[in-house]
2 protein chains.
Amino acid sequence: MASRATLKDVARLAGVSTATVARVLHGNGYVANETRQRVEAAVADTGYRINEIAQGLRRQRTATIGHLLHGIIPNPFFAGVALGVEQEALRHGCGVLLFNTQGDVEQERLGVETLIRRRVDGILFTTATHEDNVRLALSAGIPVVQVERMTAAATPAVVIDNRIGARSAVEHLIGLGHRRIAYIGAAAPATQWRAGSGTWPDVERERLDGYRDAMSGHGLPIDDALIGLGRYYSGNGREHPNDGYVWMRRFLQRADPPQAVFATSDLLAGGALQAIYERSLRVPDDISVVGFDDTYAPYFAPPLTTVEQPMVEIGQAAAHLIFQSLNDAEAPAGERIVKLPTRLVVRASTGPPATVRAPSRRG
Amino acid sequence: MASRATLKDVARLAGVSTATVARVLHGNGYVANETRQRVEAAVADTGYRINEIAQGLRRQRTATIGHLLHGIIPNPFFAGVALGVEQEALRHGCGVLLFNTQGDVEQERLGVETLIRRRVDGILFTTATHEDNVRLALSAGIPVVQVERMTAAATPAVVIDNRIGARSAVEHLIGLGHRRIAYIGAAAPATQWRAGSGTWPDVERERLDGYRDAMSGHGLPIDDALIGLGRYYSGNGREHPNDGYVWMRRFLQRADPPQAVFATSDLLAGGALQAIYERSLRVPDDISVVGFDDTYAPYFAPPLTTVEQPMVEIGQAAAHLIFQSLNDAEAPAGERIVKLPTRLVVRASTGPPATVRAPSRRG
DNA sequence: AAGAAACATGTCATCGATGACACATTCGAC
DNA sequence: GTCGAATGTGTCATCGATGACATGTTTCTT
């Protein structure tokens, strides 16, 4: 019987009206001390727990936010963001309905529809797949916040400073004395994003710009042959070969291999490490490697120097923006963009370049 | 106005009663063709979307299940299970409310309380932290399913065959010709689980048993000095040193280092790889390594042979059990245990032992 | 001692969807 | 032509919590 008690049951048991029970529960209005105790006893006896469904209906808010996650399993970045969102939501007494879209437009639309039917108080897109879905949510009058990407449909968003993050990584390498530094990144995502609308930043473009900034800023030449762009999620799934591996292999076959590599994700960097290992080269003795994310980085051999993304904080900030939207509904949405800094974490995969130009080779 | 239309609004616009609209929406009862079309037009015009909150109140089921996740961020295992749960839930038109407990008993209790207040239709524990919380959920009359662990409080559960999984890994090594095989695992979790109650299996104990099975089964001696037990989540967080690293270092300092290692998680195996790398030994030339999980395994250098856990399937099975509980409520709960098989994935980290007993060393 | 202020509690319409029930009409069958 | 079945539609109580409002006590003020 425990959980099925209702307000009415409690009221009956305590010999008062439901209104009085509600007053005790919410601690507002006048309630005589003796009455309060009687009610509290009744609550305890019945094992009463408020029915948030009924409450939601009456109050016209569900204390729930929806989180649409791009959600590639092996990428702990999304898990980190989800955790941050949840923590911040909890702080506001809210729950989180999670939907993995797997980067599928239709799946994403379905998620939005479901969340609308559930009357969530807000929707978070951790990397929306298609702009129309963002619009759909907005058209239902639901506040939206986006992570890592901004659409033509202006919404508050949380992004990181990819350009400066990438630059700091490359400058770290330059500072160690490297001059030939390769870049392994990802090509821009597919066509769903209308090109030319120009209001959303391209994460990968920014990182490449950061690399260029650092190189030119220090008077180093940019060799296009040392820039490898792979599939957006290459190596994140098991089906695809890891493009970090593919490119690194190619780089190492050259007569003039790079002294260091900067990869735009830990997974791509992991692929690079595999290619290096295969050739029996040592990191960082023969070649230095830097990643991005700080997800897999600490677990690689050797532990990877990487650009940390504050995943949890990103999630928290995103949720925070949602609650901000809820409170003063009329704030200028498109202007609330939070840009979080990255942090270079130096570990064992970077060091000065080999002075002798004959890397030890075995394989 | 779009999403705020109610049944009544639609009914008014179509010039019918709400009952008729409901009939059209659910496709039951008699509705004249002409009427149906008028209603459908009104639904489209108003952008009406059913309010699942109101529906939930009336129908006394929320079409939502709660998922309490132990939730160590860097472990994609949990992300995989969560995805599986979500997929299966979606197939039943259900949403998933996610709570990360971070292995904290109090946090977990809070999660259960919240889920009860939300009147979820069922609760999944992906590795419950404290048995009392399972009981709490049950006492509220909510069906519970557990993943990876069973409590004295009998609930349906999904587990994997850890013993056979571990054995298959070790037998793979034995088959390659290894005789001195080290084991790196985790000590049993802390005291929250009442010892001696004896009805729940200890994952780590099972894996150790599997190792012993394989060794004794092939007439190989078990050297306790080659069995390293670390903290349960060692190396999963950044704060702690990776116990796989710590133990492997120790093993390699011995006069008679092992020829191969079996670690009970990819992360621990990753630590082992780091120690091996530090000593400039080669995998698998000098030493073979096997992990468990198949999460990080494909991204290590070299790609790791590992025991795959079917994460997504585990999640699906768990959700499936919940829906089973919902349908025939009176099925014998404790008896529905699903045991899923593991699968050995052979990659580049295992090979025959070095014939010459003088491993190349550089560092 | 009368009226205002504070205290204490109850009544009831409401949030939006549902479905049992009642009522009305049409169609066949005998 | 009459009656039962099939068809079509509306009414309304209900799910559980909420809070505006009404009503009834005390306790101060002056």
Side-chain angles (χ1 to χ4, degrees), chain A residues 1-40 42-43 46-64 93 116-121 140-141, chain B residues 1-40 42-43 46-64 93 116-121 140-141:
Chain A
M1 64 151 39
S3 90
R4 300 310 169 198
T6 74
L7 245 203
K8 212 188 271 183
D9 297 330
V10 176
R12 193 178 311 126
L13 184 61
V16 297
S17 73
T18 58
T20 299
V21 178
R23 275 183 212 110
V24 172
L25 254 42
H26 300 300
N28 55 16
Y30 295 109
V31 180
N33 236 317
E34 196 261 344
T35 310
R36 176 186 316 280
Q37 282 165 21
R38 212 142 31 88
V39 170
E40 275 162 0
V43 167
T46 53
Y48 171 76
R49 289 193 182 82
I50 208 168
N51 183 329
E52 294 196 352
I53 297 303
Q55 192 179 49
L57 174 60
R58 175 61 219 240
R59 287 196 172 158
Q60 299 288 65
R61 44 162 308 206
T62 51
T64 307
I116 295 177
R117 283 199 308 271
R118 302 218 162 214
R119 300 295 192 267
V120 295
D121 297 331
Chain B
M1 65 152 39
S3 90
R4 298 311 169 199
T6 72
L7 246 202
K8 212 188 272 184
D9 297 331
V10 176
R12 193 178 311 126
L13 184 61
V16 297
S17 72
T18 57
T20 300
V21 178
R23 273 183 213 109
V24 172
L25 252 41
H26 301 300
N28 55 17
Y30 295 109
V31 180
N33 238 319
E34 195 262 343
T35 309
R36 175 186 318 280
Q37 282 165 22
R38 210 140 33 84
V39 169
E40 275 163 359
V43 167
T46 53
Y48 171 77
R49 287 191 183 84
I50 209 167
N51 183 331
E52 293 195 351
I53 297 303
Q55 192 178 47
L57 175 60
R58 175 63 219 239
R59 288 194 171 161
Q60 298 287 66
R61 46 165 308 219
T62 51
T64 308
I116 294 177
R117 284 199 307 271
R118 302 215 163 218
R119 298 294 190 270
V120 294
D121 297 331

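Heavy atoms only: backbone and side chains are in, while hydrogens, waters and symmetry mates are out. Below, chain A is the first sequence line, B the second, and so on; all start at residue 1.
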Visitor: Using 0.5 Å steps for rounding, measure from the OG1 atom of B:Thr46 to the CG atom of B:Leu7.
Guide: 9.5 Å
Visitor: Taking salt bridge (charged side-chain N to carboxylate O under 4.0 Å, His left out) as the test, write out the residues that go with A:Arg59, two or more places apart.
Guide: none
Visitor: Return a single string for nucleotides 12-24 of chain D, one symbol per nucleotide in 5' to 3' order, where B is base contact, S is sugar-phosphate-only contact and - is none, cutoff 4.0 angstrom on heavy atoms.
Guide: BBBBBBBS-----
Visitor: For B:Thr62, what residues pass the side chain to side chain contact (heavy atoms under 4.5 Å, CB included) criterion, not counting sequence neighbours?
Guide: A:Ile53, B:Thr64, B:Arg119, B:Asp121
Visitor: Which heavy-atom pair separates A:Ala14 from A:Ala42 by the least distance, and what is that distance?
Guide: CB-CB, 3.9 Å
Visitor: Check the pair B:Leu25 / B:Val43 against side chain to side chain contact (heavy atoms under 4.5 Å, CB included), numbers first and verdict last.
Guide: CA-CA 9 Å; B:Leu25 252 41; B:Val43 167; 4.0 Å; yes
Visitor: Under a 4.0 Å heavy-atom cut-off, which of residues 31-40 of chain A touch DNA chain C?
Guide: A:Val31, A:Ala32, A:Thr35
Visitor: Using the side chain to side chain contact (heavy atoms under 4.5 Å, CB included) criterion, which residues pair with B:Arg38? Sequence neighbours excluded.
Guide: B:Val16, B:Glu34, B:Thr35
Visitor: Return the angle between end axes of the helix from C:dA1-D:dT30 to C:dC30-D:dG1, with five pairs used per end and rounding to 10°.
Guide: 50°
Visitor: Within this structure, what is the CZ-CZ distance for the pair A:Arg117 and B:Arg49, rounded to the nearest 0.5 Å?
Guide: 9.0 Å
Visitor: Excluding sequence neighbours, so at least two apart, what forms side chain to side chain contact (heavy atoms under 4.5 Å, CB included) with B:Arg23?
Guide: B:Ala19, B:Thr20, B:Asn28, B:Val31
Visitor: Tabulate protein N/O versus nucleotide N/O from nucleotides 24-27 of chain C, keeping only pairs under 3.5 Å, one per line.
Guide:
none

Visitor: Apply salt bridge (charged side-chain N to carboxylate O under 4.0 Å, His left out) to B:Arg12 and list each qualifying residue two or more places apart in sequence or on a separate chain.
Guide: B:Asp9
Visitor: When you check the phosphate oxygens OP1 and OP2 of C:dG10, does a side-chain N or O of A:Thr20 lie under 4.0 Å from one of them?
Guide: yes
Visitor: Could you tell me which residues satisfy salt bridge (charged side-chain N to carboxylate O under 4.0 Å, His left out) with B:Arg36, sequence neighbours excluded, listed by chain and number?
Guide: none
Visitor: After noting the C-alpha distance and the side-chain angles of B:Tyr48 and B:Val21, does the key distance pass the side chain to side chain contact (heavy atoms under 4.5 Å, CB included) rule?
Guide: CA-CA 11 Å; B:Tyr48 171 77; B:Val21 178; 5.7 Å; no
Visitor: Go through the structure and list residues passing side chain to side chain contact (heavy atoms under 4.5 Å, CB included) with A:Gln60, not counting sequence neighbours.
Guide: none
Visitor: Would one find a side-chain N or O of A:Tyr30 under 4.0 angstrom from OP1 or OP2 of C:dC7?
Guide: yes
Visitor: Once rounded to the nearest 0.5 Å, what's the spacing between atom CG of B:Asn51 and atom CZ of B:Arg4?
Guide: 8.5 Å
